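Taking it in order: structure first as structure tokens, then the write-up.
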Amino acid sequence: MQRAAVPAIALMNRLKYLQKFLLISVLFAVPLVIVMSQYLVNVAHDIEFSAKEQLGLDYNEPLIDLLAVTQLHDALMSAALNGSTLFEADIATVRETISTRIAAVDAVDAELGADLQVTEAWAAIKATWDDLMLALPTLTAAESKTQHLWLNNQLLALITQVGNNSNLILDPDIDSYYLMNSVITTLPQTMEYFSQLRSDGTAALAKGALMPSDVTRLTILSGLAQSALDENIRSYAYTFAANPAIEAQLAEIAAANEQNLESFLNVLNTTLLTADAARQDGEILTSFVAISTQALDSSFGLYSAVANSLDELLEKRVDGIEQGRAFVVVVTLITLVATAYVFAGFYLSVKQTIAALDKASERIVKNQIPGDLVLQSRDELAQAAVAFNNVAKGLDLARREAVEATRMKDLFLATMSHELRTPLNAMIGFLHLMLYSGQLDDDNTHMAERSLANTNRLLTLINNILDLSRIATGGLEIVPTPLALRHISAGLFNDLKPLAQEKDLRLELSVDPTIPDSINHDETRLSQIVINLVSNAIKFTDKGTIDLMFKRHDERLVIQVKDTGVGIPQSKQQLIFDDFFQVDSTSTRKQQGAGLGLAIVKRLVLLMNGTINLVSDVGQGSTFTVELPLNLPHYEPTDRRKRAEFVFADSLNAQPALDAQGSTSK
């Protein structure tokens, strides 16, 4: 498992926490966006699908009204063309109604016809009606029947086409599907069969004669009408079983319609299909037309009720889909906000843990004992932080023990240096007496001079060690006094010039005229810094010039020593201020010395609240720049001890806290 996760671990190791969170967020958001977009597309499709079904119901509503009056017109014309004059006024009224309902269909076609792609079919129906009205005065009863049948079939076909093009035929739910089946197929077909029965029955009663072919046709139509009625009733049974609420809306009106149609069939059988049925009886004809029209009107009323119920189902479906979409979107947004909130909390928690680690590290660097690390987080990173803090406390204890051991060493060195200087001073005195007595021959004089030189070098080394020890233990005092820098610099120049001339080097002195005539400084320590820097430059320069410059920068005194010597490699520039460090530590090195001069310079500079910088290139020379306060304050004993601790800790590469303004850069 871990091997498989190696690429992921490598990637995470290269990223910061914010980048990690952003990457994880993107990986989380991409599939979420894809899934949500697909979901919203599907929801929009479902809403559009159901909304288009409602458009089909809107279009079919005036078509059904038109179908009802065209079927009635067919029945009335059958009576009129077969010799009856009872319905002339009714025919005129029906034709006016047809014109009104054609206008209603025109209006809905102008709005929805293009979307449902039925405008051409509707135009053909209007043309058929216009042709019928033009030809009607010359048509026989049979021709009129054929033309009306064609018109009604076109209307039924258009109702079916609207159902197909408006998605009604594809409705996915059981209750709405069978309601759709009723309004598109079974109920219009049932009404058409009963309409033909009314028309043919009216024609038979009007002409007073019933041929065997008429009986056969009526019998067949009666069977088809009964079958269509039964099929429609079965559709309602399926709907009621799937949705009891629809049963409460439609059961009563469906039962009433079934009863009216059954009554119509009973009248048909008793009036037309019996041997003793009365013929050419106006009262019977009028009654038959009224009963059949009432039955068909109840069917059209049922159609409106079914269409309304179906429209309500579709409306509820659209509302449900929209509510579901809103719920999903709200939950998703809440989840995203919560996720972003948790991610932000996680990120800030990690930052707090890292900040606590950073503070613990800073306390260690400033020589402050880290206390117990208290974190609110309990995760693995917090455990690592606590472990780090425990290690830091252990390291701090070890460092303090090392500091104390080094302090004891320096105290020992200071004591031993003092003890060694006493006999060395006596030896130097005796050697001077021997050399100046004139009693030594040449060989003994040479040996005495060599002994004096070695003794002086040893004394210098001991003095340097003593200075280092005194700085570390706080025993070295900085005593500021008024002094004339120009006079001091000239004296230092004169003392150092012979050392440069011994190696054929030119020593140049430059003093900034803006430096005041009198400054408050420690002459001994200032001279010690200059002598050590210039001596170091002379030691490592074989030819060229050494520049000693005193400058002023605001309220700071700048001492700069620039040589044209061998230079210092970049890798060793951080080490040259360490105790006893030699740039060339081999046994064949040319330059003598213990490696304490620059270490003393650095500690003296820090002790006086200054900085020292080095710029050097191998073969191009080196430039040491020291910045000190232009006027030194008087240091109290406690302040001297604090500064001694700061300088001593700096020599161990630590950075303890210090109230005074002090720093160093290399």
Side-chain angles (χ1 to χ4, degrees), residues 467 471 476-503 505-541 544-565 567-568 573 576-577 597-617 620-635 643 647 660-666:
D467 284 344
I471 292 172
L476 184 69
E477 293 187 23
I478 301 296
V479 183
T481 58
L483 57 86
L485 183 64
R486 290 179 177 79
H487 175 72
I488 299 300
S489 60
L492 290 171
F493 175 76
N494 292 329
D495 292 341
L496 293 169
K497 187 174 182 180
L499 294 176
Q501 291 175 342
E502 288 180 5
K503 296 185 65 174
L505 299 174
R506 187 170 68 255
L507 180 64
E508 300 284 350
L509 174 65
S510 172
V511 181
D512 189 343
T514 63
I515 297 176
D517 293 334
S518 177
I519 61 175
N520 203 46
H521 239 282
D522 189 320
E523 179 179 350
T524 301
R525 303 309 166 193
L526 189 64
S527 299
Q528 192 173 2
I529 291 172
V530 173
I531 291 171
N532 282 356
L533 289 177
V534 174
S535 298
N536 185 74
I538 293 172
K539 184 188 301 183
F540 291 97
T541 304
T545 303
I546 295 174
D547 294 317
L548 172 59
M549 293 168 280
F550 293 88
K551 303 177 183 179
R552 179 179 180 178
H553 182 261
D554 296 331
E555 293 304 310
R556 306 282 283 179
L557 173 64
V558 180
I559 303 171
Q560 196 170 70
V561 177
K562 182 178 181 182
D563 64 57
T564 56
I568 302 171
Q573 290 183 15
I576 61 171
F577 296 104
L598 292 180
I600 292 175
V601 169
K602 174 190 171 184
R603 296 191 183 191
L604 288 174
V605 168
L606 292 175
L607 203 60
M608 290 189 288
N609 195 16
T611 63
I612 182 167
N613 292 290
L614 167 63
V615 177
S616 181
D617 291 318
Q620 301 297 321
S622 304
T623 300
F624 288 87
T625 302
V626 172
E627 282 195 22
L628 299 171
L630 192 60
N631 292 282
L632 290 179
H634 177 73
Y635 294 106
R643 298 210 59 78
V647 174
Q661 298 293 323
S663 62
T664 182
S665 58
K666 301 176 184 178

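Values below: all heavy atoms of this structure, side chains included; hydrogens, waters and symmetry mates excluded. A quick note: this is a predicted structure, and the numbers were derived from the prediction, not measured.
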Euclidean distance, His553 NE2 relative to Thr514 OG1, rounded to 0.5 Å: 11.0 Å
Any side-chain heavy atom of Pro516 within less than 4.5 Å of one from Leu485? no
Say whether Thr545 and Arg506, considering side chains only, have a donor N or O and an acceptor N or O under 3.5 Å apart. yes
If we only count heavy atoms from C-beta on, is the Ser518 to Leu483 side-chain gap below 4.5 Å? no
State, to 0.1 Å, how close Ala537 and Val561 come at their nearest heavy-atom pair, and which atoms those are. CB-CG1, 4.0 Å
Going from OG on Ser510 to CG on Leu548, what distance comes out if it is rounded to the nearest 0.5 angstrom? 8.5 Å
Could you give the distance from CG (Asn536) to CG (Leu598), rounded to the nearest 0.5 Å? 4.5 Å
Say you draw a straight line from CD1 of Ile478 to NE2 of His521; how long is it, rounded to the nearest 0.5 Å? 9.5 Å
Donor-acceptor contact below 3.5 Å, side chain Asp522 vs main chain Thr524: yes
Check for a donor-acceptor pair, side chain of Thr541 on one end and backbone N or O of Ile538 on the other, with a separation under 3.5 Å. no
Could you give the distance from CG (Leu607) to CD1 (Ile600), rounded to the nearest 0.5 Å? 12.5 Å
So, taking the atom named CG in Leu499 and the one named CG in Leu507, what distance separates them when rounded to the nearest 0.5 Å? 9.5 Å
Can you name the nearest heavy-atom pair linking Ser527 to Ile488, along with the distance? OG-CG2, 4.1 Å
Heavy-atom donor-acceptor pair, Arg552 side chain to Leu557 backbone, under 3.5 Å: no
List the steps, then state whether side chain to side chain contact (heavy atoms under 4.5 Å, CB included) holds for Gln528 with Asn532. CA-CA 6 Å; Gln528 192 173 2; Asn532 282 356; 4.2 Å; yes
Under 3.5 Å donor-acceptor pairs involving side-chain atoms of residues 622-629, not counting sequence neighbours:
{"from": "Ser622", "atom 1": "OG", "to": "Ser616", "atom 2": "OG", "distance (Å)": "2.7"}
{"from": "Thr625", "atom 1": "OG1", "to": "Gln560", "atom 2": "NE2", "distance (Å)": "3.0"}

For Asn520, is there any backbone N or O sitting under 3.5 Å from a side-chain donor or acceptor partner on Asn631? yes
Going through the checks in order, is the side chain to side chain contact (heavy atoms under 4.5 Å, CB included) test met by Ile529 and Met608? CA-CA 11 Å; Ile529 291 172; Met608 290 189 288; 3.3 Å; yes
Between Thr611 and Asn613, does a side chain to side chain contact (heavy atoms under 4.5 Å, CB included) hold up when you go through it step by step? CA-CA 7 Å; Thr611 63; Asn613 292 290; 4.3 Å; yes
Just one of Val558, Val530, Asp512 clears the side chain to side chain contact (heavy atoms under 4.5 Å, CB included) bar with Phe550, so which one? Val530
Is it true that a side-chain atom of Lys562 and a backbone atom of Met549 form a donor plus acceptor pair closer than 3.5 Å? no
